[in-house]
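One structure below.
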Amino acid sequence: MKNHNTLIIVAHPDLEHSVINKAWMEALTGHATIHSLCDAYPTGTPIDVAHERALVERHDRVILQFPLYWYSAPAILKQWTDEVFGEGWAFGEGGDAWVGRQLGVAVSCGSAEANFCEGGSQKHTLATFLTPYEGLAAFARADYIGHHAFYDTYSDTVAERLPANCEAYLRFALQ
């Protein structure tokens, strides 16, 4: 594994009761910088844009980690991207902060992987639902590295599948 200087931006509103996202964070502890938006910014707390930008600037790879909520991320991540990816920093004149950085996504999904296909019960692939992040990376001129996922979070097989998935996430985050 290449040792990237990796920042994990976690956007999970209930980490205390999380199984997947909490296990991912534990697997990455000591290998990456982990930053929980919900811990840093409880409901109603303004985002410290200067702090967030400085945090990104200290890393060459950023992974946005969250549970898929109605085919999107929790609201805190949308707020973070709206405020942090500003003109003059992420795009526009002088906006080159993401040039040379990598951006990826790690997402936990309630539905089985087989359901995420064109015409399946989810109607599209997970990659299709995550295209806004690919677009975000392109607009900011970052390199989009794709996504890592854990599917079928409500099944009885989570405990047996989770260790291998955590190892795969570690490889994805640090490759």
Quick one: list whatever passes side chain to side chain contact (heavy atoms under 4.5 Å, CB included) with Thr45, sequence neighbours left out. Tyr41, Pro42

Assess, by modelled atom type and distance only, whether the side chains of Arg58 and Thr33 contain a donor and an acceptor separated by less than 3.5 Å. no

For residues Phe139 and Val99: do they belong to one hydrophobic cluster (side chain heavy atoms under 4.5 Å, members Ile, Leu, Val, Met, Phe, Trp, Tyr)? no

Taking only residues two or more places apart in sequence or in another chain, which ones pass side chain to side chain contact (heavy atoms under 4.5 Å, CB included) with Phe85? Trp80, Thr81, Ala90, Trp98, Leu136, Ala140

Can you name the closest pair of heavy atoms from Asn165 and Ala149 and give their distance? ND2-O, 3.0 Å

Sequence neighbours excluded, the answer for side chain to side chain contact (heavy atoms under 4.5 Å, CB included) partners of Thr131 is Glu134

Please report the closest heavy-atom contact between Gly86 and Phe91, naming both atoms and the distance. C-CE2, 3.5 Å

Side chains of Ser108 and Asn21: donor-acceptor distance under 3.5 Å anywhere? yes

Is the CD atom of Glu93 crowded by more than 12 outside heavy atoms at less than 6.0 Å? no

Check salt bridge (Lys or Arg N to Asp or Glu O under 4.0 Å) between Asp156 and all other residues, then give those that pass, not counting sequence neighbours. none

Is the Phe129 ring parallel, tilted or perpendicular to the His124 ring (thresholds 30°, 60°)? perpendicular

Do Val19 and Trp24 share a hydrophobic cluster (ILVMFWY, side-chain heavy atoms under 4.5 Å, transitive)? yes

To check you understand the geometry: which heavy-atom pair defines the closest contact between Val105 and Ile63, and what is its length? C-CG2, 4.1 Å

Residue list, side chain to side chain contact (heavy atoms under 4.5 Å, CB included) with Ala137, at least two apart or on another chain: Leu103, Ala142, Tyr144

Donor-acceptor pair, Lys22 side chain versus His17 backbone, under 3.5 Å? no

Using modelled atom types and a 3.5 Å cut-off, is there a donor and acceptor pairing between side-chain atoms of Thr125 and backbone atoms of Thr128? yes

Indicate yes or no for a side-chain donor-acceptor contact from Arg61 to the backbone of Gly104 under 3.5 Å, with no hydrogens or angles considered. no

N/O donor-acceptor pair under 3.5 Å between Asn5 side chain and Asp60 backbone: no

With sequence neighbours excluded, residues passing salt bridge (Lys or Arg N to Asp or Glu O under 4.0 Å) with Lys123: none

